[in-house]
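On a predicted model such as this, the values are computed, not experimentally measured, just so you know. For the numbers below, each heavy atom of this structure counts, side chains included, while hydrogens, waters and symmetry mates do not.
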Amino acid sequence: MVLPGEDDWKRQVIERAKELDHEHRRRVRGAFESSTARVLALRLLRQALRRLVSRPRRFDTREVPHPLPGHIAVTFVGHASVMLTTRRARVLVDPFFGEFLLGVRRKEAASLATADRADTSLILITHAHRDRLHLPTLRKLPRRATIVLPARCQSLVQRLGFARVVELQPGQSFEHNDVEVTAVAARHDGRRGPINRAWRPSCGYIVKCAGANVYCAGDTAYFSGFEEIGRRLHPDVALLPIAGYEPPGMRDDHMSPLDAVQAFIDLGAKLLVPVAYGSFPVGYEPIDEPLAWLVDLCRQRGLLDRLFVLRPGESCDVHGRETSAP
Ligand SMILES: [Zn+2]
């Protein structure tokens with residue numbers, strides 16, 4: 001069924017996506033020549049080799065207490081892992097505590113207090129990639145927890161013995177203590193890896209508690225779904241990935257900071273918290289570039305007061321329309 005104005009809306013989204021492509025082409029030195037690709041591949045290799053001999057940077061780890069009813073604490077654990085703490089729930093999103101990913105050593109260590117890890121009651125997995133569904137990390141989490149995954153992923157965790165395993169399709173919801181989790185669409189290939197090529201979907205989640213709605217996008221490219229998620233589910237806080245944009249083909253599955261800023265505007269969220277940067281190289285771009293570019297973009301567009309950059313182990317407290325660092 002075509003709703004009134006739907007064609008206009010589709011045209012606007014297509015136009016916006018074209019504008020983003022154009023801006024990226026200008027930035028990424030015009031057409032991507034094979035020699036440029038080789039240079040970038042060498043840069044990635046050099047970064048990875050350098051990482052092998054330097055230990056990951058460690059951050060202070062503090063326990064995050066359960067907040068008052070109506071509040072939600074958002075804690076950046078590192079890479080794409082986030083902890084959400086409400087009065088009655090402790091939620092880990094895409095937990096990854098490993099030091100290596102596919103042989104590459106991380107730059108920033110995961111930061112999560114042992115007591116908070118043991119207190120985890122709900123685990124949300126956005127897709128089956130090894131930095132999101134990491135079996136050694138899941139083995140360290142309490143088995144009494146419930147784990148929520150996209151369709152076709154249940155078999156990957158079946159042997160771990162979690163109390164409850166729930167598969168959600170986009171649009172479906174699940175209640176847990178004082179939070180409601182709704183799965184939403186994402187544009188990302190969720191195949192587990194080069195050996196396990198079975199097709200698996202990806203999703204994001206809206207975690208809703210009395211105080212605020214937190215959108216965990218998972219991995220995704222820029223797509224028309226952001227505007228729809230904003231209209232239907234009203235996220236207050238958007239946790240958006242910002243790395244993996246060189247070479248340009250990577251933007252079929254990932255977002256650059258420029259894409260993430262547009263997604264944030266489409267969502268109509270109040271606060272942007274960047275994730276999935278700084279620990280592992282996602283694309284060929286230098287590992288520190290995505291955050292610096294994001295800060296620049298937010299400064300140019302008057303969004304700096306809505307950007308909340310958390311270092312591993314840091315939290316912000318969201319309640320109603322206000323946000324504060326603890
Ligand atoms: Zn992924």
What's the shortest heavy-atom distance between [X] and [Y], and which atoms?
X    : Y    : answer
A113 : T61  : N-CG2, 3.1 Å
R16  : Q262 : CD-NE2, 3.1 Å
P241 : A260 : O-CB, 4.0 Å
A151 : P201 : O-CD, 3.2 Å
A263 : L240 : CB-CD1, 4.2 Å
G244 : H254 : O-CB, 3.1 Å

Please check if any side-chain donor atom of [X] sits under 3.5 Å from a side-chain acceptor atom of [Y], or the reverse.
X    : Y    : result
H24  : S256 : yes
D94  : S81  : no
D266 : Y222 : yes

For atom [atom1] of [X], decide whether the heavy atoms of other residues, nucleotides or ligands shown that lie under 6.0 angstrom number more than 12.
X    : atom1 : result
K208 : NZ    : no
R55  : CZ    : no
R231 : CZ    : yes
D8   : CG    : yes

(message) What verdict does the salt bridge (charged side-chain N to carboxylate O under 4.0 Å, His left out) test give for D288 and K107, after you've listed the backbone C-alpha separation in whole Å, the side-chain angles of each residue and the deciding distance to 0.1 Å?
(response) CA-CA 10 Å; D288 297 326; K107 187 178 178 195; 2.8 Å; yes

Does some side-chain heavy atom of [Y] sit less than 4.5 Å from a side-chain heavy atom of [X]?
X    : Y    : result
F96  : F280 : yes
S173 : V181 : no
H127 : R192 : no
L101 : R106 : no
L149 : L133 : yes
Y245 : M250 : no
L92  : L141 : yes
V295 : L307 : yes

With no hydrogens and no angle check, is any side-chain donor or acceptor of [X] less than 3.5 Å from a backbone partner on [Y]?
X    : Y    : value
T220 : A217 : no
E180 : E175 : no
S279 : A109 : no
E289 : P286 : no
R187 : S224 : no

(request) Drop me the distance from R301's CZ to F264's CZ, to the nearest 0.5 angstrom. (result)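 Answer rounded to 0.5 Å: 12.5 Å.
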
Salt-bridge test for [X] and [Y]: reply yes if a basic N is under 4.0 Å from a carboxylate O, no otherwise.
X    : Y    : answer
D189 : R200 : no
R311 : E108 : yes
D219 : R132 : yes
E228 : R232 : yes
R62  : E314 : no
D21  : K18  : no

(message) What verdict does the side-chain hydrogen bond (donor to acceptor under 3.5 Å, both in side chains) test give for T86 and D178, after you've listed the backbone C-alpha separation in whole Å, the side-chain angles of each residue and the deciding distance to 0.1 Å?
(response) CA-CA 7 Å; T86 65; D178 56 351; 2.7 Å; yes

(request) Determine, stepwise, if the pair Y205 / T182 fulfils side chain to side chain contact (heavy atoms under 4.5 Å, CB included). (result) CA-CA 6 Å; Y205 297 104; T182 303; over 6 Å; no

Should [X] and [Y] be regarded as members of a common hydrophobic cluster, given that ILVMFWY residues are connected when their side-chain heavy atoms come within less than 4.5 Å of each other, either directly or indirectly?
X    : Y    : answer
I265 : L233 : yes
V309 : F59  : no
V214 : L68  : no
I123 : L168 : no
Y277 : L272 : yes

(request) Applying side chain to side chain contact (heavy atoms under 4.5 Å, CB included) between N213 and each of V207, V318, V237, I206, report the one that passes. (result)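 The single option meeting the side chain to side chain contact (heavy atoms under 4.5 Å, CB included) with N213 is I206.
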
(request) Tell me whether the guanidinium CZ or amine NZ of R143 lies under 6.0 angstrom from the six-membered ring centre of F162 and within 45° of its axis. (result)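 Positive - R143 is close enough to the ring of F162 and near enough to its axis.
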
(request) Verify side chain to side chain contact (heavy atoms under 4.5 Å, CB included) between M255 and F226, making sure each step is shown before the conclusion. (result) CA-CA 12 Å; M255 285 201 291; F226 291 119; 3.8 Å; yes

(request) Could you check whether the rings of F174 and H176 sit parallel, tilted or perpendicular, using 30° and 60° as the cut-offs? (result) parallel

(request) Tell me, with the steps shown, if L160 and L135 meet side chain to side chain contact (heavy atoms under 4.5 Å, CB included). (result) CA-CA 8 Å; L160 299 181; L135 295 173; 3.9 Å; yes

(message) Could you work out, with salt bridge (charged side-chain N to carboxylate O under 4.0 Å, His left out) as the rule, every residue matching D119, not counting sequence neighbours?
(response) R90

